[in-house]
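It should be emphasised that the depicted structure is a prediction, and the values quoted were computed from it without experimental measurement. By convention here, the first residue in the shown sequence is residue 1.
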Amino acid sequence: MTTRADDDPAAGHARTLLRAATRHSGARCVALCLVSITATVAGLLLPAALGRALDLLLAHAPATRWVLYCAGLVLLLAVLDAAQTVLTGTVDARSTAWLRRRLTGHVLGVGPRAADRFGSGDLVARLVGNAAEAGTTPAARAALLAALAGPVGGVIALGLIDWRLAAVFVAGAPVLALLLRAVARGTTESATRYQQAQGRIAAALAEAVEGVRTVRAAGTEARETARVLRPLPGLSEAGHRMWRVQGRAAAQAVAVAPLLQLGVVAVAGVLLTRDRLSVGDVLAASRYAMLATGVGVLVGRLAGLARARAAARRLGEVEAEPATTFGARRLPDGPGRLELRGVTARRGGRTVLDGVDLVVPGGTTLAVVGRSGAGKSLLAALAGRLSDPDAGEVLLDGVPLRELPHDDLRRAVGYAFARPALLGATVGQAIGLGLPAPSPDRIRQAARRALADDFVRRLPDGYDTAVADAPRSGGESQRLGLARAFAHGGRLLILDDALSSLDTVTERHITDALLGDGPDRTRLLVAHRSAAAARADAVAWLDGGRVRAVGRHAELWRFAEYRAVFGEGTDSAGTGAERSVPA
């Protein structure tokens with residue numbers, strides 16, 4: 001059953017992307033089209049000029065002017081070919097760069113949901129390889145008109161010489177049309193499979209690179225290599241099929257085109273013997289027959305467009321993911337009261353959080369604990385709208401996060417992560433990321449609160465040291481991430497396992513700094529250590545996608561199942577009270 005374009009959002013977004021990319025290089029595309037058409041016209045004029053010059057030379061008549069015409073056309077074709085090459089490369093590069101910027105911005109606008117939907121490796125493959133292939137579309141379309149004009153012009157020229165020559169070619173034209181249609185269909189299908197296999201390999205490779213230390217420690221390099229390369233047979237099969245389609249088309253063209261050319265030349269020879277054509281006309285007719293059967297150029301163009309179309313569709317799938325939208329409601333003054341109402345969130349077809357209701361009073365510290373997979377990090381992401389729930393809503397000081405403007409939301413909520421991405425040219429810029437005008441004093445003060453100032457000052461250029469040249473441990477990276485969160489400010493600070501790589505003394509000092517923020521900032525802390533949970537004002541215990549209990553750490557500690565979250569459980573059976581904890 002054929003799918004209508006309206007029912008395929010990815011195809012619609014792909015067409016929109018390609019139209020916009022073409023507009024981005026509109027002037028160059030027009031120039032390329034004009035240059036290509038001019039080259040085609042010059043190529044069509046050359047056989048006629050050669051034929052005329054030959055007739056004059058055979059008749060011993062003055063032919064200097066026509067020889068010069070031929071030389072001028074040859075020189076013009078060389079110049080136009082060089083211009084076409086430069087314009088094609090320029091348009092391809094500009095279109096590819098525009099597509100990558102557009103898709104990168106959209107991926108960042110979608111947020112973590114994009115990585116959940118496609119995988120980071122596949123996203124990189126789409127933004128790098130597929131964007132490069134799709135970026136060839138504007139130039140290919142601009143040159144396609146000229147590629148079509150060559151055969152059409154050749155047939156018209158044959159008709160101008162003698163209508164019977166054109167009739168011979170037109171008789172075999174349907175075979176060539178069917179050939180081109182088969183090439184377009186076969187190449188699109190195989191190119192799609194090829195690119196999908198590329199994406200799977202890229203996704204598996206990204207996972208392996210991210211966990212390379214674990215792989216080496218486990219001694220499973222061979223197994224991981226086999227896993228990464230598992231889609232390779234499918235990639236090979238799709239690639240071979242793509243070349244078979246084009247090879248079969250080339251073979252059929254080789255079989256059909258010479259027959260048509262031979263037919264045209266044979267008829268021209270008969271007409272020559274009857275004095276209906278001159279020798280120059282026969283030469284021109286043979287050249288026009290070659291132009292009219294220029295299937296090779298069209299096959300290459302259509303195959304390239306088919307691959308580009310398949311790549312554009314993969315980009316369209318990314319573009320079809322809706323970006324996060326923001327409201328216009330202003331955030332009132334408040335202490336940072338956080339509230340989750342009936343929040344349900346699904347990931348990978350699994351309900352991770354199910355109807356969560358939770359209130360964090362303004363100015364307090366709430367520790368979120370639970371076993372691995374309980375949804376702690378997802379709850380932290382929802383609390384600051386790094387992700388949106390599938391049902392329910394999250395409010396900050398009484399305002400749903402969806403209704404806040406982007407800038408207000410990001411000013412109000414600060415984050416620190418277990419493995420912070422340190423973005424920026426220098427260490428100082430990494431700490432001040434996101435601040436409109438971070439002052440050196442503010443950056444240093446935040447670093448001191450995160451106990452990062454001492455080791456930053458020991459770097460070769462201190463806070464001006466390039467991030468790539470700043471050797472640091474996992475704990476030092478976490479402290480830089482915490483410094484960034486402290487410098488950010490805001491009324492809500494969310495720490496997603498951001499203390500996990502710190503030693504206990506450093507963790508205690510930083511926790512003191514956190515708790516010393518006072519009543520003007522609310523803190524949500526994903527905790528894996530009982531010491532961190534013990535110092536929070538309250539603990540939310542996640543279990544099975546729900547908040548099993550909220551209370552002081554000391555109150556919950558009497559339950560064996562709660563102690564087991566920290567590896568402290570001693571009685572798996574427990575008492576009835578231990579197994580039943582009120583929410």
As an exercise, state the distance from CG of L127 to OG1 of T96, rounded to the nearest 0.5 Å. 12.0 Å

Pairing residues for T365 by the side-chain hydrogen bond (donor to acceptor under 3.5 Å, both in side chains) criterion, not counting sequence neighbours: R523

Under 6.0 Å from the six-membered ring centre of Y463 and within 45° of its axis: does the NZ or CZ of R444 meet both? yes

Counterpart residues, side-chain contact (heavy atoms from CB on, under 4.5 Å), relative to S236 (two or more places apart): H240

Which atom pairs, one a donor and one an acceptor, fall under 3.5 Å between side chains of residues 367-385 and the rest of the protein, sequence neighbours left out?
unit_1, atom_1, unit_2, atom_2, d
K376, NZ, G370, O, 3.0
K376, NZ, R371, O, 3.0
S377, OG, D496, OD1, 2.9
S377, OG, D496, OD2, 3.2
R385, NE, D388, OD1, 2.7
R385, NH1, T325, O, 2.8
R385, NH2, T325, O, 3.0
R385, NH2, D388, OD2, 3.1

Going by side-chain contact (heavy atoms from CB on, under 4.5 Å), name the residues that satisfy it together with R535, two or more places apart in sequence or in a different chain. R508, T511, D512, L515

Test of understanding: with side-chain hydrogen bond (donor to acceptor under 3.5 Å, both in side chains), list the residues that count as partners of H13, not counting sequence neighbours. none

Start with the C-alpha gap between D122 and R126, add the side-chain angles, then the distance that decides, and say whether salt bridge (charged side-chain N to carboxylate O under 4.0 Å, His left out) holds. CA-CA 6 Å; D122 189 28; R126 292 173 191 250; 3.1 Å; yes

Distance-only, no hydrogens or angles: does the R472 side chain make a donor-acceptor pair with backbone N or O of V467 under 3.5 Å? yes

Report the relative orientation of the aromatic rings in W557 and Y562; use parallel for angles under 30°, tilted for 30 to 60°, perpendicular for over 60°. perpendicular

Minimum-distance pair of heavy atoms, taken over all atoms of A131 and L99: O-CD1, 3.8 Å

C29 SG to R141 CZ distance, which is reported to the nearest 0.5 Å: 10.0 Å

Report yes or no: does D357 contribute a side-chain atom to a donor-acceptor pair with the main-chain N or O of G342 at less than 3.5 Å? yes

Residues that E133 engages under salt bridge (Lys or Arg N to Asp or Glu O under 4.0 Å), provided they are two or more places apart: none

Could you report the tightest heavy-atom contact between H553 and A534, atom names first, then the distance? CD2-CB, 3.5 Å

Here the salt bridge (charged side-chain N to carboxylate O under 4.0 Å, His left out) pairs for residues 480-492, sequence neighbours left out, are D397-R491

Partner residues of R100 under the side-chain hydrogen bond (donor to acceptor under 3.5 Å, both in side chains) criterion, sequence neighbours left out: none

Who passes side-chain hydrogen bond (donor to acceptor under 3.5 Å, both in side chains) against T136, sequence neighbours left out? none

Decide whether S25 and R94 meet the rule of one side-chain donor and one side-chain acceptor closer than 3.5 Å. yes

So CG of L499 and CG of L525: to nearest 0.5 Å the spacing works out to 6.0 Å

Check this for me, if you would: do D453 and R457 make a salt bridge, where the nitrogen-to-carboxylate-oxygen distance has to be below 4.0 angstrom? yes

Classify the side-chain pair R529/T504 by whether it contains a donor and acceptor separated by less than 3.5 Å. no

Does R227 CZ have over 12 foreign heavy atoms under 6.0 Å away? yes

Which pairs, with at least one residue in residues 407-422 and sequence neighbours excluded, count as a salt bridge (charged side-chain N to carboxylate O under 4.0 Å, His left out)? E210-R419, R330-D408, D408-R411

One should read off an interatomic distance between L338 CG and L366 CG, to the nearest 0.5 angstrom, of 8.5 Å

Hey, are E317 and R117 close enough for a salt bridge, meaning a charged N less than 4.0 Å from a carboxylate O? no

Gap separating the CG atom of L340 from the CG atom of L353, nearest 0.5 angstrom: 8.5 Å

Spell out, as yes or no, whether a donor-acceptor pair under 3.5 Å connects the side chain of D354 to the backbone of R546. no

How would you list, by chain and number, every residue that makes a ring-ring contact (aromatic ring centres under 6.0 Å, His included) with Y415, sequence neighbours excluded? F417

Taken in chain and number order and not counting sequence neighbours, the residues that satisfy salt bridge (Lys or Arg N to Asp or Glu O under 4.0 Å) with R341 are E339, E393

So how far is it from R479 CZ to F455 CZ, rounded to the nearest 0.5 Å? 5.5 Å

